[in-house]
Amino acid sequence: MLSVDVEKLYPAAKTLVKARAASRIHAKDATLYDFSPEAQACASDYMGWVDLATSPLCDMDAIQSFADEVVEAGLDTILLIGQGGSTQAPMTITKYNKHDSNRVKFRTLDSDSPVRVREMLTICDPHRTLVIISSKSGGTIEPRMLLEAVRASFEKELGDHVVKHLVAITDPGSDLDRQAREEGWRAVFSGEPTVGGRFSALSVFGLVPAALTGIDMEAFMAHARAAEEACSEDAIDNPAINLAAFLYDNYLKGRNKFSFLTPKRGRVLGLWIEQLVAESLGKNGEGILPNIEIDSLLLTEDPGDRSIIMYQTQTDLWDERRNFEMSLAYIDNAIPRLNYRIDTVEELAEHFVMWEYAIAMCGYLMQVCPFDQPDVASAKAEVLDILKNGQPEPDFTEVFTDEVDMGRVEVSFAPMFEGCEDLHETLYALLSSIQPGDFFALNAFLPFTGEGRREAIEQIRHGVAESFGCVSCLEVGPRYLHSTGQLQKGGPNMGVFLILSADELKDIPLLEEAAAPSLGELAKAQAAGDLATLAKRGRRCVHLHLPDNSGVTLRQLAQVVDDVIADILTDRALAEAAAMAEDEELAEATVVVEAAEASETAVEAEFVDAPQDAEVEAAEVAVPEGETDEA
């Protein structure tokens, strides 16, 4: 059962118990969010998730039978195409279980990078692969375009039989639902309209992939039911109340970020938590930023703006367990911390429930609606406008390498950086704007596979974190647009954003009637749309479109960023030294002035005292008899 190492009772826990927040959420009482009519109306439409464990809105036996039939038919690879909430929970479940007993090879495709798509098409045999297209709305642009690319490739070998390798998971009545039924796809699973994407882990969106993977569904749901019972009680020991109070009370103290620390196996859970927290709470100028941190040495001193949530996961290798435990020893004990543990994949269900309830309670405490995502929709509209009307012109282009010509980089930036004329000056202006309490986000529409790519991008992220002492996030595009993108645009203006995209050496064209001419053009439009949306909200942001996404080009960019950081730190050190010297000169001048003033005061005192002495002497002289005053 859920267990947590709680250092103390946080005051908000009593507030939640007194308000009966847990039981009201479980009862789908939308009046809990009556702080605004819009929040209450939204809550009334999207609280179907609260009792999915005890009252599943799907046929569990039918899901299990379908999964068994797929495996028996010899389909040993599952390719899940989706975005945001439709993929995060399945990815968490299947990747966590991969280390133990996945009965199929499970792949997730939520990137529109042609490099990543070609990789998937290379490793998936069409004859042995089941493709799941997962989209609540059925119209999200990324899965629709990815379906076009994958289907065109599979049809070369499967012909019309390709439809028997396709499965749709979508809300009833969507475009995807109609297409799948009209074309006779292998199966269609209907979602529940009252369950939002990021709260859908225990709906068909998470359960169908879990069953295909071979997870014991009865045990999985039993853990979920136990957690639901515990998290819906109005009690101080409710684990969801403890988590919500920890997040909220630290938020009130200025700790509006938390670092998620876990062994490598558990980081995929961090991606799910990242979306749930950022997209639910990051709006109306409020927000709590989750950050998956891989370097505990960045937390050796308490920066004052974050807390820590640590997950210990089952790890087979003694050395890996020991390395993680040693890394925790260097963290400043002044940073508030919650510690959790997950031993089996079935226990993931408990933590899905706990986090969902806790974040719904945080929304109540923060008075923000946890069930909408207004800025995600505005970013989507910006992208569609760019695809329709063409890419905006960059502010300038330049060859960004001195020693060798790697091609020209297109540089675009928010109006606040107007006047910057080269890349170095632009990056200097961007990074030097980082202040205490800010965070840095590297929003990368790039492939994270292939030699040298991720290492170069991580070098930039880590360099900023180490040099400026701030939370530094590496965000994968377009995934983050449906996750932390909401907080970046709707939360507090404390983010500094570097957006990266690149030309594709071997792009993947799409059908003529598709919304984008190619996957590469879609990614570039999304990066440009992100810049435009952030800039309209007064965010500090720069978009670099690179000539290509090769590892060597990204390494060169990382070197450019390192040079800029070095210049900023040098200039700050010189400015600090000059300020100290000025203070010393001022102090010396002050001493001289004070000495002069003291000397002048002494002289004045002596001058004032002198006449008084003369008068005393005159008074003491006797006047001879017979002399008058006139004499």
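Computed from heavy atoms alone, side chains included, the values below leave out hydrogens, waters and symmetry copies.
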Using side chain to side chain donor-acceptor pair (under 3.5 Å), reason through S153 and R118 one step at a time and then give a plain yes or no.
CA-CA 10 Å; S153 176; R118 286 197 303 272; over 6 Å; no

With no hydrogens and no angle check, just 3.5 Å: does a side-chain donor-acceptor pair link T170 and D177?
no

Does a side-chain heavy-atom distance below 4.5 Å link R306 with F258?
no

Counting only heavy atoms not in E421, do more than 12 sit closer than 6.0 Å to its CD atom?
no

In Å and rounded to the nearest 0.5 Å, what is the NZ to OG1 distance from K95 to T108?
6.5 Å

Take F439 and F497 through the ring pair (Phe, Tyr, Trp, His ring centres under 6.0 Å) test and state the conclusion after the steps.
CA-CA 9 Å; F439 71 91; F497 307 99; 5.7 Å; yes

Between the main-chain N or O of V162 and the side-chain N or O of E155, is there a donor-acceptor pair closer than 3.5 Å?
no

So K164 and L158, side chain to side chain contact (heavy atoms under 4.5 Å, CB included) or not? Walk me through it.
CA-CA 9 Å; K164 296 305 177 184; L158 301 176; over 6 Å; no

Ion pair R186/E69, N-O distance below 4.0 Å:
yes

Say whether, by atom type as modelled, one donor and one acceptor occur between the side chain of T426 and the main chain of D422 under 3.5 angstrom.
yes

Under the side chain to side chain contact (heavy atoms under 4.5 Å, CB included) rule, what do W185 and V167 come out as? Steps first, then yes or no, please.
CA-CA 6 Å; W185 289 16; V167 172; 5.7 Å; no

Under 3.5 Å donor-acceptor pairs involving side-chain atoms of residues 542-549, not counting sequence neighbours:
from: H543; atom 1: NE2; to: S501; atom 2: OG; distance (Å): 2.8
from: H545; atom 1: ND1; to: S501; atom 2: OG; distance (Å): 2.7
from: H545; atom 1: NE2; to: D503; atom 2: N; distance (Å): 3.4
from: H545; atom 1: NE2; to: D503; atom 2: OD1; distance (Å): 2.6
from: D548; atom 1: OD1; to: S550; atom 2: N; distance (Å): 2.9
from: D548; atom 1: OD1; to: S550; atom 2: OG; distance (Å): 2.7
from: D548; atom 1: OD1; to: T553; atom 2: OG1; distance (Å): 2.7
from: D548; atom 1: OD2; to: T553; atom 2: OG1; distance (Å): 3.3
from: N549; atom 1: OD1; to: R453; atom 2: NH2; distance (Å): 3.3
from: N549; atom 1: ND2; to: E504; atom 2: OE1; distance (Å): 3.2
from: N549; atom 1: ND2; to: E504; atom 2: OE2; distance (Å): 3.2

Let me see the working for F199 and W355 under side chain to side chain contact (heavy atoms under 4.5 Å, CB included), right down to the final yes or no.
CA-CA 10 Å; F199 288 85; W355 276 94; over 6 Å; no

From the options W272, F324, F260, select the one residue that forms a ring pair (Phe, Tyr, Trp, His ring centres under 6.0 Å) with Y311.
F260

Taking the six-membered ring of F440 (Phe, Tyr or Trp), confirm whether the NZ or CZ of R461 is under 6.0 Å from its centre and within 45° of its axis.
no

Would you say the side-chain atoms of H424 and D567 include a donor-acceptor pair closer than 3.5 Å?
yes

Under the side-chain contact (heavy atoms from CB on, under 4.5 Å) rule, collect the residues that match up with D385, sequence neighbours excluded.
N389

For V277, is there any backbone N or O sitting under 3.5 Å from a side-chain donor or acceptor partner on S280?
no

Check the pair F189, F66 against ring pair (Phe, Tyr, Trp, His ring centres under 6.0 Å), reporting the backbone distance first and the verdict last.
CA-CA 11 Å; F189 291 94; F66 168 77; 5.1 Å; yes

Point-to-point distance, once rounded to the nearest 0.5 Å, from OG1 of T401 to CG of L557:
10.5 Å

N/O donor-acceptor pair under 3.5 Å between T213 side chain and I215 backbone
no

Do C124 and R107 touch side chain to side chain, with heavy atoms closer than 4.5 Å?
yes

Supply the atom-to-atom distance S111 OG to I81 CD1, rounded to the nearest 0.5 angstrom.
12.0 Å

Any E274 side-chain heavy atom under 4.5 Å of Q88 side chain:
no

Tested for side chain to side chain contact (heavy atoms under 4.5 Å, CB included) against F352, the lone hit among T92, I273, L276 is T92

Residues E183 and R151 bridged, charged N to O under 4.0 Å
yes

Hey, are the side chains of I78 and T129 touching, using non-hydrogen atoms and a 4.5 Å cut-off?
no

So how far is it from L281 CG to L289 CG, rounded to the nearest 0.5 Å?
11.0 Å

Looking at E521 and K524, is any side-chain nitrogen of the basic one under 4.0 Å from a carboxylate oxygen of the acidic one?
no

Test item: F468 and I568 side chains (from C-beta on) under 4.5 Å apart, heavy atoms
yes

Nearest-0.5 Å distance that lies between atom CD in Q275 and atom CZ in R198
7.0 Å

Taking the side chain as every heavy atom from C-beta outward, state whether L431 and V564 have any atom pair closer than 4.5 Å.
yes

Polar side chain donor-acceptor pair, Q559 to D563, under 3.5 angstrom:
yes

Between D175 and R144, does any NZ, NE, NH1 or NH2 come within less than 4.0 Å of an OD or OE carboxylate oxygen?
no

Straight-line distance of I359 CD1 to E279 CD, nearest 0.5 Å
12.5 Å

Looking at E382 and K489, is any side-chain nitrogen of the basic one under 4.0 Å from a carboxylate oxygen of the acidic one?
no

Between R479, Q83, Q526, which is the residue that forms a side chain to side chain donor-acceptor pair (under 3.5 Å) with E142?
Q526

Starting from the C-alpha separation in whole Å, work towards a yes-or-no answer on side chain to side chain donor-acceptor pair (under 3.5 Å) for N443 and E475.
CA-CA 5 Å; N443 297 341; E475 303 289 0; over 6 Å; no

Less than 4.0 angstrom from a charged side-chain N to a carboxylate O is my criterion; do R103 and D76 meet it?
no

